[in-house]
Every structure is written in structure tokens, then in C-alpha cells.
Amino acid sequence: MIEHRLIEQMIALIEQKLKQVETTNQVDPLFIDTVIDFIKIYADRTHHGKEEDILFRELSNKQMSDQDRQIMDELVDEHVLGRKITKELVEANAKYRSGEKSTLAIIVSKLRELVNFYPKHIEKEDKVFFPAYMKYLSDEEDHLMLKEFWEFDREMIHKKYRFVLKKLKEW
Ligand SMILES: [Fe+2]
Ligand SMILES: [Fe+2]
């Protein structure tokens, strides 16, 4: 939930920036690169990564109610949708940077999709799924999961910069 609060700040920033982009009819591709980095590395790999690889994995071994299991499946589908939007944003930004200015409309629509998508997804987790899943885990399991979260986070910065170096070598 703490991580959701940072994602919300990014979404608010995108929303604010969208107004400016629509008035000036231009965007700085570097701004979009930075948004993409945040969404990919923080919101998706770090945050959704912990949800999918640790929390949902733990819960999938439990006898969950049909309703809770259905919500968990929806959350996974929503993560997939978030990745699809981000991929389309990456492609549109590359085209925009190479001079295809008409792709600005796609960039705007993808940013708007992110702005619409994240708050609903976050609300479903904060208000519905997270309070509901607590009953399936013992204090001990909760504690072990938290430790695994820390380790996942600790590794992420190293993964990120190994990836950066790999990309730079291919430049
Ligand atoms: Fe999520
Ligand atoms: Fe989340």
C-alpha cells in the first residue's frame, strides 16, 4: 500500500502533464522515457512483481473463496493490461522521437489509459483484495512474506543496472 501512494503521485503528475501536452501539442520524449522507466521498473517489476511472484504465489496454495480467487485473477489480468499499455507507449514514443509527430495522439491516449487504469487497480487492491487476503495467512507466513519482499527489493536495483549496462552495450 505504501508503494501505491508513490504510484498515485506519478499518475497525478502524468495527469497534470497531459494538460500541458494537449495545449502545446508537443511532448518531450525524455519525459516519456522517465515515466516509462518508473512504470516498468517501479510499478511493474518491483511492485506488481512482488504481488505476483510472492503474494499471489503464496495465496494460490491456499483454499481461497471463489470470489477472492476471481479478484486475484482479475488483478493479474490488469497487470498484463498495464504492460500492454506501457509497451504501446514505448513504441509511440520511439516513433515520435524519430520525427513521426502524428504519434503524439497515441502517446496522449496511452498516458490517459494509464491515468484511468492505475487508480481503479489500486483501489481494488487497497479496499477489496488486500483486506480480504489477510485471513488466508498466519502471522508467521505474513512475516516470511515480508522478508521475501525486502529481498526482492534489495535485488531490484542490481537487476535494473545490469539491464541498463546491457542496453548501453547494444547502443
Ligand atoms: Fe497490482
Ligand atoms: Fe498493487
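Note that the structure is a prediction, hence the values are computed from the model and not measured. Just so you know, ligand 1 is whichever comes first in the structure, and atom 1 is the first atom listed for that ligand.
Residue E51 counts as close to the Fe ion (ligand 2), with an N, O or S atom under 2.8 Å. For H48, every N, O or S atom stays at 2.8 Å or more from the Fe ion (ligand 2). Taking backbone and side chain together, H121 holds no N, O or S atom under 2.8 Å from the Fe ion (ligand 2).
Summary: OE2 is the N/O/S atom of E125 found nearest to the Fe ion (ligand 1). When you scan the N, O or S atoms of H47 for the one nearest the Fe ion (ligand 2), you land on NE2.
The one candidate from E51, R57, E52 that meets the side chain to side chain contact (heavy atoms under 4.5 Å, CB included) condition with I54 is R57.
Here the CG-OG1 distance, from L18 to T23, works out to 10.0 Å after rounding to the nearest 0.5 Å.
The aromatic rings of H121 and H48 sit perpendicular to each other, their planes meeting at more than 60°, with 30° as the lower class boundary.
Other members of the hydrophobic cluster containing W171, listed by chain and number, are I157, Y161, V164, L168; membership follows side-chain contacts under 4.5 Å among ILVMFWY residues, whether direct or relayed.
Residue pairs meeting the salt bridge (Lys or Arg N to Asp or Glu O under 4.0 Å) criterion with at least one partner in residues 93-108, sequence neighbours excluded, are D33-R97.
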